[in-house]
Amino acid sequence: MGIESQIKASVVKAVQELYGETIAAESVQLQITRKDMKGDFTVVVFPLLRMSKKNPVQTGQELGEYIKKDLSSVAEFEVIKGFLNLSLSHSHWLTLLNNVATDEQYGFKPVTDASPLVMIEYSSPNTNKPLHLGHIRNNLLGFSLSRVVQANGNKVVKTNIVNDRGIHICKSMLAWQKWGEGQTPESTGKKGDHLVGDFYVKFDQEYKKEIAALIPGHKATYASLAQVDDVEATLKQLAEKSKSKEGLNDAEADQMEDCKKVIDFAKNNAPLIIEAREMLRKWEARDPEVFKLWETMNQWVYNGFDVTYKTMGVDFDKIYYESDTFSVGRDMVLGGLEKGAFYRRDDQSVWADLSTNGLDEKLLLRSDGTSVYMTQDIGTAKLRFDDYPINKMVYVVGNEQNYHFQVLSIVLDRLGFEWGKDLVHFSYGMVELPEGKMKSREGTVVDADDLMEEMVNTSREMSKELGKLDGYSEEEAEQVYRIIALGALKYFILKVDPRKNMTFNPKESIDFNGNTGPFIQYTYARVQSLIRKAADKGIEVPASVNAQVEMNEKEVQLMRMLANFPNVIAEAGSVYSPAIIANFIYDLAKEFNQFYHECPIVFEEDQAKRAMRLLLCQNVGKVIKQGMWTLGIDVPNRM
RNA sequence: GGUUCCGUAGCUCAGCUGGAUAGAGCAAUAGCCUUCUAAGCUAUGGGUCGUGGGUUCGAAUCCCGCCGGAAUCACCA
């Protein structure tokens, strides 16, 4: 039994014996003592006054005396206001340190054959353009989450559903056919995903021109727009105004409607979009030429993605492609239709009526029988369920899709998937620039490859300036630059509560000092350096230490933090938040650096003390490494 | 308009199952390398926790109203 449960049990006994009342152990309010107070654990006595019928200080005093007698680990106590602060004996902490030292996987729960299987879907890119900062957050969160879940004793399957079909990729394909002049990644020296992305942009530019060209002719149909020159600008103005307090008058509202109609018409009748749709139809009909082009360009993109994933350090156990799953989804929906879970409208489209769940109706199959986003997710779910004995499914997808997953959960449940009802949508916030959302149109999208390359460059410059890696070979040094660069980026993203939107300022590069990945990595390297220094002097880190060694406050504080690490891992697992671990390791590293500055370690003359400090250092290093592992961040031995 | 989420130092973020004097980093200022890595450490300044009520012995934390911001409500994905 851990010390926390022991204290709670002791409080329960005390209340029983002193006041004759029975309380539940879970109701005991036990917390870690504030840093500026003396003590390790604090019992909040306010809730117990009802039992004791005495004032807070007196109650705390009585409880303290009881607990001190009851538990040998409790050395002393102090009552301040309504708080009973308990101090544990040094031998308690030293015993704990010895236990930490013998546990290679300290803080992690073992994964066994009997462990539940959790499937985690993340990344899930479209194949029409390269990955950007938003994808980076998704990938880092997904990968880290898979490790956090694993550290909590679950089997994990990391999966990726690649959105490889649809109108978006047809746009890139069409633009390549028209303006590509046979360019390939090889002929241009460009990464495949970037090349395909360039044609997606090209399509968009040409498409915009066509829309603009169509508007004037169609505008004449609407009397309300006779005085309007620029329909798009007018719509924008009206839309802004409708959101403002002023609102729109009737004439303006009509005008806005007509603007929308004109623009919709232009969007739907531009020759390029018609051609792209035609291409999609050909693809669905397996037209050989279109299919070949589709395969070729997707392959370019995959080759590009592979490089990005590798640099980022993420991977997958199983990849699904929507081109394989969408028709399965269609069959599932039709099956559900037969069972009466869904209904068909007169125009042949298929819908789910979710009004009993407090939601709207949701389209599952278009009137022409083709599938929509939802249909594909249903099909993917079916294949996954066939492939793996899934106990829990986690989708790492942005919070813009909250509604989608609410619906998906209900629909899967109706289709009989056991885990449908409690699938987890790990809903994370957007990455925003100081000016707001990233917009490809305005060229403000932060490209993943570019960002990582810049980080490595900064890391290289900084390391060279500091001259810390002298004596390393070029390759060894380059490896460390990458570890630090990626550590900075990953920590920057992961330390933020995943549910919240976060701001990234591309003008201010990511820091390497302060509350950052490199700070933590540096602390780890510092520990390794200490151990090397000790070895140079013929001093080994002991396997365990004598529980009678004297300790100072800094040392005790570090041991408290080590003791808390398993709770942090468990907490992060239960609320799906790598950020909790990130913030914990930062605090630990900060605490360690203070200790390092105050206390000699290798140079400590008292042998027993030196041994204890070395063991403490080594295990702080171990916990940092374990924690960083759950974030997917490597730690260097030197930096 | 309905639903959901967010608002903490100049900036980026912790703290939120109610608990003691609200914390870090960055930025600013002043110190610390002839002993273990200065990507470090120490010190100073910086706050009506959006706002107004309520519940409570106790509210940044829970409830309600308001203000401000975001997302979503497609035969798009």
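Below, all heavy atoms of this structure are taken into account, side chains as well, without hydrogens, waters or symmetry copies.
- Between the NZ atom of Lys267(A) and the C1' atom of A74(B) there is a distance of 12 Å, rounded to whole Å.
- Put simply, the side chain of Asn85(A) and the base of A20(B) share a donor and an acceptor less than 3.5 Å apart.
- Residue Arg277(A) places none of its side-chain N or O atoms closer than 4.0 Å to OP1 or OP2 of C76(B).
- In this structure, the side chain of Asp40(A) does not engage the main chain of Ser87(A) through any donor-acceptor pair within 3.5 Å.
- Formation of a donor-acceptor pair under 3.5 Å by the Ser577(A) side chain with backbone atoms of Gly573(A) is not found in this model.
- Between Phe426(A) and Tyr576(A), the ring planes lie perpendicular to each other; the angle is over 60°, past the 30° to 60° tilted range.
- Using a 4.0 Å heavy-atom criterion, one finds that Asp587(A) contacts no nucleic acid atom at all.
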- 5' to 3', nucleotides 1-19 of chain B under a 4.0 Å protein heavy-atom cut-off (B base, S sugar-phosphate only, - none) gives ------S----SSS-B--B
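- Although no hydrogens or angles enter the test, the distance criterion places no donor-acceptor pair under 3.5 Å between the side chain of Trp294(A) and the main chain of Arg165(A).
- A side-chain donor from one of Tyr343(A) and Glu361(A) sits under 3.5 Å from a side-chain acceptor of the other.
- A60(B) and U21(B) have their P atoms separated by 11 Å, with the value rounded to a whole Å.
- Checking the phosphate oxygens (OP1, OP2) of C41(B), no side-chain nitrogen or oxygen of Lys554(A) falls inside 4.0 Å.
- A donor-acceptor pair under 3.5 Å is formed between the side chain of Thr380(A) and the backbone N or O of Gln376(A).
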Could you run down the sub-3.5 Å N/O contacts of the protein with nucleotides 32-39 of chain B?
residue: C36(B); atom: O2; partner: Ile601(A); partner atom: N; Å: 3.4
residue: C36(B); atom: O2; partner: Val602(A); partner atom: N; Å: 3.0
residue: C36(B); atom: N3; partner: Ile601(A); partner atom: N; Å: 3.1
residue: C36(B); atom: N4; partner: Tyr596(A); partner atom: O; Å: 2.5
residue: C36(B); atom: N4; partner: Cys599(A); partner atom: O; Å: 2.5
residue: U37(B); atom: OP1; partner: Ser529(A); partner atom: OG; Å: 2.5
residue: U37(B); atom: OP2; partner: Ser529(A); partner atom: OG; Å: 3.2
residue: U37(B); atom: OP2; partner: Lys533(A); partner atom: NZ; Å: 3.2
residue: U37(B); atom: O2'; partner: Tyr522(A); partner atom: OH; Å: 2.1
residue: U37(B); atom: O2'; partner: Arg526(A); partner atom: NE; Å: 3.3
residue: U37(B); atom: O2'; partner: Arg526(A); partner atom: NH2; Å: 3.3
residue: U37(B); atom: O2; partner: Lys468(A); partner atom: NZ; Å: 2.8
residue: U37(B); atom: O2; partner: Met639(A); partner atom: O; Å: 3.3
residue: U37(B); atom: N3; partner: Met639(A); partner atom: O; Å: 2.7
residue: U37(B); atom: O4; partner: Met639(A); partner atom: N; Å: 3.2
residue: A38(B); atom: OP2; partner: Arg526(A); partner atom: NH2; Å: 2.5
residue: A39(B); atom: OP1; partner: Lys468(A); partner atom: NZ; Å: 2.1
residue: A39(B); atom: O4'; partner: Asn513(A); partner atom: OD1; Å: 3.2
residue: A39(B); atom: O3'; partner: Asn513(A); partner atom: OD1; Å: 3.1
residue: A39(B); atom: N6; partner: Ser463(A); partner atom: OG; Å: 2.8

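- Of the C1' atoms belonging to C11(B) and C64(B), the separation is 33 Å, rounded to the nearest Å.
- Between the P atoms of G50(B) and G15(B), the separation comes to 15 Å (whole Å).
- With its glycosidic angle more than 90° from 0, C41(B) is assigned anti.
- U3(B) is paired with A71(B) under the criterion used here, namely a Watson-Crick or G-U wobble arrangement in which both key atom distances are under 3.5 Å.
- Base engagement by Thr42(A) is indicated by at least one non-hydrogen atom pair under 4.0 Å involving a base atom.
- Base pairing analysis places G65(B) opposite U51(B); the two distances defining the Watson-Crick or G-U wobble pair are each below 3.5 Å.
- Aromatic ring centres of Tyr586(A) and Tyr491(A): separated by at least 6.0 Å.
- Between the C1' atoms of A74(B) and G52(B), the separation comes to 39 Å (whole Å).
- Side-chain atoms of Met628(A) and Lys625(A), non-hydrogen and from C-beta on, never get closer than 4.5 Å to each other.
- Base pairing analysis places C57(B) opposite G19(B); the two distances defining the Watson-Crick or G-U wobble pair are each below 3.5 Å.
- With both ends at atom C1', the span from U56(B) to A14(B) equals 26 Å, rounded to whole Å.
- Atoms CG and CG, on Asp360(A) and Leu354(A) in that order, are 8.0 Å from each other to the nearest 0.5 Å.
- For the P atoms, the distance linking G45(B) with U61(B) amounts to 27 Å, nearest Å.
- Using N1 to N3 plus N6-O4 or O6-N4 for Watson-Crick, or N1-O2 and O6-N3 for G-U wobble, each under 3.5 Å, A30(B) pairs with U42(B).
- Under the Watson-Crick or G-U wobble criterion, with both distances below 3.5 Å, U37(B) is left unpaired in every strand shown.
- Between Phe46(A) and Phe83(A), the ring-plane angle classifies as perpendicular under the 30° and 60° cut-offs.
- Taking the P atoms as reference points, A59(B) lies 16 Å from U51(B), given to the whole Å.
- If you take atom P in A43(B) and the same atom in A24(B), they sit 10 Å apart, rounded to whole Å.
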